[in-house]
Amino acid sequence: MLEAMFQGTLVSLEIFFLTLLFALPLALPVAFGRMSKNRGISALVNGYLLIMRGTPLILQLIFVYFAPYYLFGVSYDRFIAVVVAYVINYAAYFAEIYRGGIESIPRGQYEAAKVLGFSRTQTFFRIVLPQVVKRILPSTANEVITLVKDTALAQTIGVAELFRVAQNASARQFSTMPIFIAGIFYFLMNWVVSAAFSRFEKKLSYYR
């Protein structure tokens with residue numbers, strides 16, 4: 001049973017890392033789109049954020065996997081569907097965290113950077129971004145911890161991640177023990193995530 005649960009854990013970790021790999025950078029242009037003065041772009045991004053944050057992730061998983069089949073008669077790998085659904089969902093939440101961090105920087109810093117001869121790109125990457133990273137770290141940590149637990153939703157479309165493996169083992173053995181063991185696995189993964197973010201925060205404490 002433990003061997004199967006370790007295999008399920010590997011699948012959960014793959015979903016977790018692939019989601020972070022694509023969602024974290026994707027969220028930055030989404031945040032800029034949300035703050036854009038172009039009403040068309042801003043409205044488009046607002047619509048995307050509204051759908052992603054206003055509908056359950058389970059529903060989005062089902063839509064991403066089944067919609068291509070019903071619309072175009074095309075089916076594809078379940079694992080890829082899971083990663084796509086998680087990336088577009090979490091990019092929306094990360095984008096709003098980024099936006100909050102960027103908008104928290106006083107306008108005076110932009111003006112001071114302009115006076116000193118910094119371009120807009122230099123101002124963002126050398127002055128704004130380091131401060132934003134520090135400010136959004138606690139919120140980002142919360143979302144990443146939620147992502148660890150949300151990987152259990154991948155079973156909705158039949159991906160054999162940790163929780164699905166535990167459920168199957170529980171049904172075979174007529175015991176809830178595999179479910180509790182899965183809970184320990186999730187706790188340990190989130191413990192590692194929390195420790196990593198705490199260490200990262202300490203490294204950035206030189207801003208104080």
Side-chain angles (χ1 to χ4, degrees), residues 5-34 45 48-61 64 79-105 125 128-157 159-166 181-208:
M5 292 187 73
F6 276 117
Q7 288 295 327
T9 302
L10 285 178
V11 174
S12 295
L13 289 174
E14 284 178 347
I15 296 169
F16 173 77
F17 284 114
L18 286 172
T19 300
L20 289 184
L21 179 66
F22 293 109
L24 286 172
L26 177 62
L28 194 57
V30 174
F32 284 133
R34 172 72 175 80
V45 174
Y48 158 70
L49 294 175
L50 191 62
I51 293 170
M52 290 299 111
R53 297 194 300 162
T55 57
L57 179 54
I58 288 180
L59 184 61
Q60 294 166 22
L61 277 165
V64 168
F79 184 81
I80 293 173
V82 165
V83 173
V84 170
Y86 276 66
V87 167
I88 60 174
N89 177 278
Y90 271 86
Y93 287 95
F94 286 135
E96 284 297 86
I97 292 173
Y98 291 173
R99 184 174 68 86
I102 293 169
E103 290 184 344
S104 71
I105 304 300
F125 284 103
V128 175
L129 188 59
Q131 299 178 75
V132 169
V133 170
K134 170 67 178 171
R135 294 184 183 194
I136 67 172
L137 217 48
S139 304
T140 305
N142 278 339
E143 280 302 313
V144 174
I145 287 171
T146 301
L147 172 59
V148 171
K149 294 178 284 187
D150 276 354
T151 56
L153 298 177
Q155 65 172 307
T156 306
I157 57 173
V159 172
E161 45 65 55
L162 173 59
F163 200 73
R164 183 182 177 90
V165 171
I181 293 174
I184 294 171
F185 276 55
Y186 284 112
F187 173 79
L188 291 174
M189 286 190 282
N190 270 330
W191 180 79
V192 172
V193 170
S194 297
F197 272 94
S198 294
R199 190 168 181 177
F200 196 23
E201 280 191 55
K202 285 179 183 175
K203 281 192 174 181
L204 295 178
S205 61
Y206 55 81
Y207 285 118
R208 293 175 182 170

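It should be emphasised that the depicted structure is a prediction, and the values quoted were computed from it without experimental measurement.
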Checklist line | Under-4.0 Å salt bridge between R99 and E96 | finding: yes
Next item on the list: Pick out which of Q7, Q155, M189 makes a side-chain contact (heavy atoms from CB on, under 4.5 Å) with L162.
Entry: M189
Next item on the list: Look up atom CD1 in I136 and atom CD1 in I97, then write down how far apart they are to the nearest 0.5 Å.
Entry: 7.0 Å
Margin query: Nearest 0.5 angstrom please: E143 CD to T19 OG1, how far?
Written below: 12.0 Å
Check: For atom CZ of F79, is the number of surrounding heavy atoms from other residues, nucleotides or ligands below 6.0 Å larger than 12?
Finding: yes
Notebook entry, point to check: Do E14 and V83 have side chains that get closer than 4.5 Å, going by heavy atoms?
Noted result: no
Margin query: Restricting to non-hydrogen atoms, name the atom on S12 and the atom on Y186 that form the minimum distance, rounded to 0.1 Å.
Written below: OG-OH, 4.5 Å
Notebook entry, point to check: Distance from F200 atom CZ to K134 atom NZ, nearest 0.5 Å?
Noted result: 9.5 Å
Notebook entry, point to check: Taking atom CG of N142 and atom CZ of F197, what is their separation to the nearest 0.5 Å?
Noted result: 9.5 Å
Next item on the list: Give me the ring orientation class for F94 and Y98: parallel if the planes are under 30° apart, tilted from 30 to 60°, perpendicular past 60°.
Entry: parallel
Next item on the list: Check L21, L20, L28 against L24 for a side-chain contact (heavy atoms from CB on, under 4.5 Å) and give me the one that passes.
Entry: L20
Checklist line | Of L153, I145, T151, the residue whose pairing with K149 passes side-chain contact (heavy atoms from CB on, under 4.5 Å) | finding: I145
Check: What closest approach, in Å, do A154 and E161 show between heavy atoms, and which atom pair accounts for it?
Finding: CB-CG, 3.9 Å
Next item on the list: Check for a donor-acceptor pair, side chain of Y90 on one end and backbone N or O of L147 on the other, with a separation under 3.5 Å.
Entry: yes
Notebook entry, point to check: What distance separates Q60 CD from N89 CG, expressed to the nearest 0.5 Å?
Noted result: 4.5 Å
Notebook entry, point to check: Do L18 and V87 come close enough that some side-chain heavy atom pair is under 4.5 Å?
Noted result: no
Item checked: Check: E201 and P138 side chains under 4.5 Å, non-hydrogen atoms -> yes
Margin query: With rounding to the nearest 0.5 angstrom, report the OG to CZ distance, S194 to F187.
Written below: 8.5 Å
Check: Taking all non-hydrogen atoms of both residues, which atom of I157 and which atom of L61 are closest, and how far apart?
Finding: CG2-O, 4.1 Å
Margin query: For V159, is there any backbone N or O sitting under 3.5 Å from a side-chain donor or acceptor partner on R164?
Written below: no
Next item on the list: Please name the pair of heavy atoms, one in A91 and one in A27, separated by the smallest distance, quoted to 0.1 Å.
Entry: O-CB, 3.4 Å
Next item on the list: State yes or no: are the ring centers of F185 and F6 separated by less than 6.0 Å?
Entry: yes
Check: How close do L57 and D150 get, heavy atom to heavy atom, and via which atoms?
Finding: CD2-OD2, 3.9 Å
Next item on the list: Work out which heavy atom in G8 is nearest to a heavy atom in V165; give both atom names and the distance.
Entry: CA-CG2, 4.1 Å
Check: Is there side-chain contact between Y86 and F22, with heavy atoms separated by less than 4.5 Å?
Finding: no
